[in-house]
2 protein chains.
Amino acid sequence: MKKNLFKFKMTPQRMAILNYLKDNKDHPAVEDIYKSIITQFPTISLATVYKNLEMLKNLGMLKELSIGQDKKHFDPNVSPHHHLICKECKKIVDIDVKFDLNIPEHSKKGFEIIGSHIEFYGICPECKKKS
Amino acid sequence: MKKNLFKFKMTPQRMAILNYLKDNKDHPAVEDIYKSIITQFPTISLATVYKNLEMLKNLGMLKELSIGQDKKHFDPNVSPHHHLICKECKKIVDIDVKFDLNIPEHSKKGFEIIGSHIEFYGICPECKKKS
DNA sequence: TTTTTAATTGATAACAATTATTATTTAATA
DNA sequence: TATTAAATAATAATTGTTATCAATTAAAAA
């Protein structure tokens with residue numbers, strides 16, 4: 001039989017979190033995830049959700065978005081992409097466009113660049129309609 | 001004499017905050033600002049710093065950076081520019097390079113784009129030396 | 001299958017950053 | 001100088017997140 005090389009157990013709670021996040025394009029905050037999972041696991045603790053998200057992030061299965069300084073948001077899409085953020089409703093939407101972000105060497109200020117992320121700010125169609 | 005069209009007073013505390021931020025390129029967090037001002041105003045309250053920063057932001061004299069989800073950082077440079085962020089020490093450095101970030105209309109998902117901001121992640125020269 | 005054990009859970013306390021509240025003080029105008 | 005609305009300082013409250021720990025449980029070993 002296959003040995004579990006990772007030192008973690010597949011608990012029903014963890015499974016539910018993974019399942020909720022799978023193909024999720026909403027960039028949910030921790031509370032969003034919690035509120036959904038608690039319908040299936042009425043006793044789940046918010047701390048459990050936090051711990052699982054931290055773990056899945058460390059395993060590279062999730063990316064944490066630092067958009068807005070308020071809450072942590074998680075993205076199961078770990079491949080490089082950028083985001084559109086609505087200034088009104090704070091909705092986060094993927095933008096699947098590649099940009100050339102090469103920095104001329106003399107502008108790098110000695111940094112070794114590892115990655116990049118663009119946040120586009122604007123008004124989403126729903127909020128535009130309202131105003 | 002000139003009337004103050006804005007409904008705010010120029011207090012010594014506010015002046016000190018403005019002065020600290022003027023030409024500041026360090027993207028300080030609230031506590032950094034507080035720690036500096038308190039040397040001149042030993043009785044200043046952290047809440048006063050918060051309120052002033054919020055006000056100056058609303059007046060368009062500062063920009064709030066949402067880099068990292070931990071603390072609020074403020075930037076007196078309100079003209080569009082991007083940032084290099086050190087993954088090790090979390091230092092934030094301006095990058096004065098213009099990028100072409102035009103999004104093809106069909107990729108805008110109905111958003112009206114207002115602005116954009118690029119975060120480049122990497123290792124700063126100081127941290128590179130250490131490791 | 002049963003036992004063992006280390007990981008995980010849930011409950012809650014602790015914590016850090018920020019915001020709200022309020023009595024007192026003060027800058028700006030009359 | 002007197003008036004008054006805005007600002008301050010002190011502190012309580014709130015929010016989001018992390019730490020702690022006893023009880024539980026999934027997975028490896030027996």
Side-chain angles (χ1 to χ4, degrees), chain A residues 1-21 27-59 61-74 90 92, chain B residues 1-21 27-59 61-74 90 92:
Chain A
M1 80 227 73
K2 234 190 287 186
K3 241 205 265 189
N4 186 351
L5 294 174
F6 303 101
K7 286 291 188 357
F8 68 84
K9 304 182 194 173
M10 190 46 70
T11 65
Q13 294 89 337
R14 181 162 295 158
M15 200 101 87
I17 293 170
L18 275 169
N19 195 54
Y20 175 81
L21 255 358
H27 313 85
V30 182
E31 223 189 282
D32 301 321
I33 301 167
Y34 175 66
K35 277 186 181 158
S36 166
I37 306 295
I38 206 169
T39 63
Q40 316 163 49
F41 293 87
T43 67
I44 199 172
S45 170
L46 187 56
T48 298
V49 178
Y50 271 102
K51 274 180 271 190
N52 273 290
L53 292 170
E54 176 69 15
M55 179 189 222
L56 297 170
K57 181 181 81 174
N58 291 337
L59 289 172
M61 300 173 74
L62 295 179
K63 257 182 133 178
E64 185 183 326
L65 304 183
S66 46
I67 282 173
Q69 58 296 108
D70 45 347
K71 302 176 194 174
K72 290 190 166 185
H73 291 257
F74 288 87
K90 312 299 177 193
I92 304 168
Chain B
M1 80 229 69
K2 234 188 289 185
K3 242 204 267 190
N4 185 352
L5 293 175
F6 302 102
K7 285 290 184 4
F8 67 83
K9 305 182 193 174
M10 190 45 70
T11 64
Q13 293 90 334
R14 181 163 294 160
M15 198 101 85
I17 292 170
L18 275 169
N19 195 55
Y20 175 82
L21 254 358
H27 313 85
V30 181
E31 221 188 283
D32 301 321
I33 301 167
Y34 175 66
K35 277 185 182 161
S36 166
I37 306 295
I38 205 169
T39 62
Q40 317 163 49
F41 293 88
T43 67
I44 200 173
S45 170
L46 187 56
T48 299
V49 178
Y50 271 102
K51 272 181 267 190
N52 274 289
L53 292 171
E54 177 69 15
M55 179 189 222
L56 296 170
K57 182 182 80 174
N58 290 338
L59 288 171
M61 300 173 75
L62 295 179
K63 258 183 134 177
E64 186 183 325
L65 305 184
S66 48
I67 283 173
Q69 58 295 106
D70 45 347
K71 302 176 193 174
K72 290 190 166 184
H73 290 258
F74 288 88
K90 313 298 179 193
I92 304 167

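Quick note: numbers below take in every heavy atom, side chains included, and nothing from hydrogens, waters or symmetry partners. In what follows, chains are A, B, ... by sequence order, proteins preceding strands, each numbered from 1.
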- Is the shortest side-chain N/O distance from A:K72 to OP1 or OP2 of D:dT15 below 4.0 Å? no

- Task: Grab the CG-P distance between A:N58 and D:dT18 for me, whole Å please.
- Result: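 To the nearest whole Å, that distance equals 11 Å.
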
- Task: Any chance you could measure A:M61, atom CE, to A:L21, atom CG, to the nearest 0.5 Å?
- Result: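 So the CE of A:M61 and the CG of A:L21 are separated by 9.5 Å.
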
- Message: Can you confirm whether B:L56 sits close enough to B:F74 that some side-chain heavy atom of one is under 4.5 Å from a side-chain heavy atom of the other?
- Response: no

- Note on the structure: So side chain to side chain donor-acceptor pair (under 3.5 Å) across residues 34-50 of chain B, not counting sequence neighbours, yields B:E31-B:K35

- Message: Measure CG/B:L18 against P/D:dA7 and give the value in whole Å, please.
- Response: 12 Å

- Task: State whether A:Y50 places a side-chain N or O below 4.0 Å from either non-bridging phosphate oxygen (OP1 or OP2) of D:dT18.
- Result: no

- Query: Ion pair present between A:K51 and A:E54, side-chain N to carboxylate O less than 4.0 angstrom?
  - Reply: no

- Rounded distance in Å - CD (A:E54) to P (D:dT18):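 It is 6 Å, rounded to the nearest whole Å.
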
Output one line per pair: protein atom, nucleotide atom from nucleotides 7-10 of chain C, and distance, for all N/O pairs under 3.5 Å.
from, atom 1, to, atom 2, distance (Å)
C:dA7, O3', A:K7, O, 3.4
C:dA7, N3, A:K9, NZ, 2.8
C:dT8, OP1, A:K9, N, 3.1
C:dT8, OP1, A:R14, NH1, 2.6
C:dT9, OP1, A:T11, OG1, 2.5
C:dT9, OP2, A:N52, ND2, 3.2
C:dT9, O3', A:Q13, NE2, 3.0
C:dG10, OP1, A:Q13, NE2, 3.1
C:dG10, OP1, A:T43, OG1, 3.3
C:dG10, OP2, A:S45, N, 3.3
C:dG10, OP2, A:T48, OG1, 3.2
C:dG10, O5', A:T43, O, 3.3
C:dG10, O6, A:K51, NZ, 2.8

- Message: Any non-hydrogen side-chain atom of B:K63 less than 4.5 Å from a side-chain atom of B:K57?
- Response: no

- Query: Starting at CE of B:M15 and ending at P of D:dA7, how long is that distance when rounded to a whole Å?
  - Reply: 14 Å

- Task: Write down the distance between CG (B:L46) and C1' (C:dT18), rounded to a whole number of angstrom.
- Result: 9 Å

- Query: At what distance, to the nearest 0.5 angstrom, does NE2 of B:H27 lie from CG of B:L65?
  - Reply: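 It comes to 6.0 Å.
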
